[in-house]
Amino acid sequence: MSWKGLSSALIILFYSNLSFAEVSGWEWFERSQSSVRQFNFEASFVVIKPNQVDSYRWVHGVQNEAEIEQLMPLEQSGVEILRRNQMVYYIAPEKTPLATNSGTIKELPALLYRDIESIKALYDAVPGGATQLSGRSAQLLRLTPLQNGRPGYWLWLDSETGFPLKIDTLTVQNEVLERWVVTHILPHSALPETLSIAAKAELPAIAETMPVAALPESPLELSWLPEGYQQVAVTAAMVPNQVLEQWLLSDGLHQVSVFVQPSANLPAQAFRDGATTIFVMPKNQFDVTVIGPVSIENARQIAESVR
């Protein structure tokens with residue numbers, strides 16, 4: 001991991017005058033969020049799942065109070081993602097960029113961007129011990145869920161800056177579902193050059209013709225939600241073809257999608273893609289699919305509650 005210039009560029013800015021004993025779990029977490037939102041840097045990271053490893057280049061900067069962020073896959077040609085404040089653009093070769101209204105890039109850890117008060121309602125933050133990661137002293141921070149069925153998180157934060165070095169997503173038994181690891185970071189004193197170009201690029205607004213009609217009325221209903229979750233409005237533009245009904249659930253940090261489709265005569269299925277559960281339950285003349293970072297048992301209860 002490259003940390004050239006880190007001490008001179010960032011340490012003073014990241015509360016380095018406080019000792020470990022003076023910093024609570026939530027203060028460590030706030031440092032971590034601030035470190036990825038307020039400074040200029042280039043980084044590389046990998047996302048490790050049981051049978052898959054994805055790597056990315058991540059560039060972030062702030063200019064005239066505007067936040068600019070770029071994410072690019074390293075091992076596959078594909079879509080470059082650019083965020084400018086509350087707009088995210090998906091840019092593919094020889095295609096018109098797709099614009100969406102969002103303050104975050106979904107491929108980055110949502111923990112680092114969500115409102116801290118909403119996360120406090122879901123988790124307890126407990127500092128652990130210090131360890132060494134790639135030659136840096138790292139502080140362990142455990143986020144323990146307050147309700148069953150929600151994943152836990154262990155974060156290793158640079159002891160001097162608070163920058164996240166590694167994030168594990170865990171089951172209630174502390175088994176690792178997914179691991180996010182920074183492999184390289186280079187701080188900048190000014191906006192990185194690639195972002196200077198992106199800041200001036202002319203990009204489209206959200207298409208005014210995008211359908212926003214509400215879903216047609218359905219006799220189906222969802223009668224149970226995991227604790228802390230609420231339904232989020234879904235419009236017709238968000239619903240795939242052949243879907244009879246869809247619900248989107250959120251607890252302020254995680255999102256769970258529930259789809260009802262005509263029966264495909266498939267058996268019940270449950271598996272995990274890293275931290276994401278995919279659960280399919282046949283019911284009468286239709287199938288219910290639940291996709292999101294909940295336990296398999298919670299996914300089953302959601303599917304069973306479709307009436």
Side-chain angles (χ1 to χ4, degrees), residues 49-50 100 102 104 106-107 109-111 113-115 117-124 143-153 168-178 211-307:
K49 300 178 182 180
T100 63
S102 176
T104 61
K106 66 181 181 63
E107 286 78 7
L111 276 173
Y113 295 86
R114 296 293 186 264
D115 174 67
E117 295 303 319
S118 66
I119 298 177
K120 285 181 177 180
L122 306 175
Y123 289 91
D124 188 19
L143 293 188
T144 305
L146 300 178
Q147 297 93 22
N148 293 330
R150 189 172 278 111
Y153 298 94
D168 281 357
T169 305
L170 308 162
T171 66
V172 67
Q173 294 84 17
N174 289 336
E175 298 169 342
V176 178
L177 294 168
E178 191 170 305
V212 294
L215 284 170
E217 290 189 12
S218 166
L220 299 172
E221 65 176 8
L222 195 63
S223 60
W224 182 86
L225 305 180
E227 186 174 355
Y229 278 85
Q230 297 179 341
Q231 289 191 30
V232 178
V234 177
T235 64
M238 300 169 63
V239 181
N241 293 332
Q242 303 302 315
V243 169
L244 304 175
E245 180 63 276
Q246 177 183 350
W247 297 278
L248 182 62
L249 317 178
S250 175
D251 65 359
L253 175 60
H254 312 100
Q255 289 192 335
V256 178
S257 294
V258 185
F259 301 94
V260 180
Q261 296 172 280
S263 176
N265 297 314
L266 297 174
Q269 303 175 59
F271 58 96
R272 307 202 74 150
D273 178 21
T276 301
T277 291
I278 302 172
F279 184 91
V280 180
M281 175 181 285
K283 296 189 70 172
N284 299 324
Q285 302 301 313
F286 55 85
D287 297 335
V288 180
T289 302
V290 180
I291 303 175
V294 292
S295 67
I296 290 177
E297 175 58 23
N298 271 9
R300 181 190 63 78
Q301 290 178 274
I302 293 171
E304 287 183 342
S305 76
V306 176
R307 299 283 186 268

Visitor: For the residue pair Pro282 and Pro267, what are the closest heavy atoms and their distance?
Guide: CG-C, 4.0 Å
Visitor: Under 4.5 Å between any side-chain heavy atoms of Ile302 and Pro226, yes or no?
Guide: yes
Visitor: Between Asn284 (side chain) and Phe286 (backbone), is there a donor-acceptor pair under 3.5 Å?
Guide: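 Absent.
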Visitor: Under a 3.5 Å distance rule, please check whether Gln246 uses its side chain to pair with a backbone N or O of Phe259 as donor and acceptor.
Guide: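 Absent.
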Visitor: Do Ser223 and Arg307 get their side chains close enough for a donor-acceptor pair, meaning under 3.5 Å?
Guide: no
Visitor: Working to the nearest 0.5 angstrom, can you tell me the gap between Lys49 NZ and Thr169 OG1?
Guide: 10.0 Å
Visitor: Does CD in Glu227 sit with more than 12 non-hydrogen atoms of other residues, nucleotides or ligands closer than 6.0 Å?
Guide: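 For Glu227, atom CD is not crowded (no more than 12 foreign heavy atoms under 6.0 Å).
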Visitor: Taking the ring centre of each residue, are Tyr153 and Tyr123 less than 6.0 Å apart?
Guide: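 Ring centres of Tyr123 and Tyr153 closer than 6.0 Å.
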Visitor: Would you mind reporting whether Leu225 and Leu249 have side-chain heavy atoms less than 4.5 Å apart?
Guide: yes
Visitor: I want to check something: taking the side chain as every heavy atom from C-beta on, are Leu143 and Asp124 in contact at a cut-off of under 4.5 Å?
Guide: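 With C-beta onward as the side chain, the pair stays apart.
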Visitor: For Val306, is there any backbone N or O sitting under 3.5 Å from a side-chain donor or acceptor partner on Lys283?
Guide: yes
Visitor: Is any side-chain heavy atom of Asn298 closer than 4.5 Å to one of Phe279?
Guide: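 Counting from C-beta outward, Phe279 and Asn298 never come under 4.5 Å.
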Visitor: Report the distance from atom CD of Glu304 to atom CE of Met281, rounding to the nearest 0.5 Å.
Guide: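 Answer for the CD-CE pair, Glu304 versus Met281, is 4.0 Å.
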Visitor: Could you check whether any side-chain N or O of Asp273 sits under 3.5 Å from a backbone N or O of Thr276, counting only pairs where one atom can act as donor and the other as acceptor?
Guide: no
Visitor: Could you grab the distance from atom CG of Asp115 to atom CD of Glu117, nearest 0.5 Å is fine?
Guide: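 Spacing of CG (Asp115) from CD (Glu117) equals 6.0 Å.
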Visitor: What closest approach, in Å, do Ser118 and Gly252 show between heavy atoms, and which atom pair accounts for it?
Guide: OG-O, 4.0 Å
Visitor: Under the criterion side-chain contact (heavy atoms from CB on, under 4.5 Å), I'd like the reasoning laid out for Val243 against Val260: C-alpha separation, chi angles, the key distance, then a yes or no.
Guide: CA-CA 6 Å; Val243 169; Val260 180; 5.8 Å; no
Visitor: Quick one: are Thr289 and Val258 in side-chain contact, heavy atoms under 4.5 Å?
Guide: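 Answer no - side chains too far apart.
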Visitor: Whether the side chain of Thr277 engages the backbone of Val294 through a donor-acceptor N/O pair (distance < 3.5 Å, no angle test) should be reported.
Guide: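 At least one qualifying donor-acceptor pair exists.
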Visitor: Can you tell if the side chain of Leu220 reaches within under 4.5 Å of the side chain of Trp247, non-hydrogen atoms only?
Guide: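 Leu220 vs Trp247: side chains touch.
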Visitor: In this structure, are over 12 heavy atoms from other groups packed under 6.0 Å from Glu221 atom CD?
Guide: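 Yes, CD of Glu221 has more than 12 neighbouring heavy atoms, counting only those of other groups under 6.0 Å.
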Visitor: Can you find a heavy atom in the side chain of Leu177 that is under 4.5 Å from one in the side chain of Leu170?
Guide: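 Leu177 vs Leu170: side chains apart.
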Visitor: Within the side chain of Asp287, is there an N or O that forms a donor-acceptor pair under 3.5 Å with the backbone of Ala264?
Guide: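 At least one qualifying donor-acceptor pair exists.
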Visitor: Do Arg150 and Tyr229 make a side-chain contact, defined as non-hydrogen atoms from C-beta onward lying under 4.5 Å apart?
Guide: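 Sidechains of Tyr229 and Arg150: in contact.
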Visitor: Is the backbone of Ser102 close enough, under 3.5 Å, to the side chain of Thr100 for a donor and an acceptor to pair up by distance?
Guide: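 No, Thr100 side chain to Ser102 backbone: no donor-acceptor pair under 3.5 Å.
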Visitor: For the pair Thr104 (side chain) and Lys106 (backbone), establish whether a donor and an acceptor sit closer than 3.5 Å, ignoring hydrogens and angles.
Guide: no
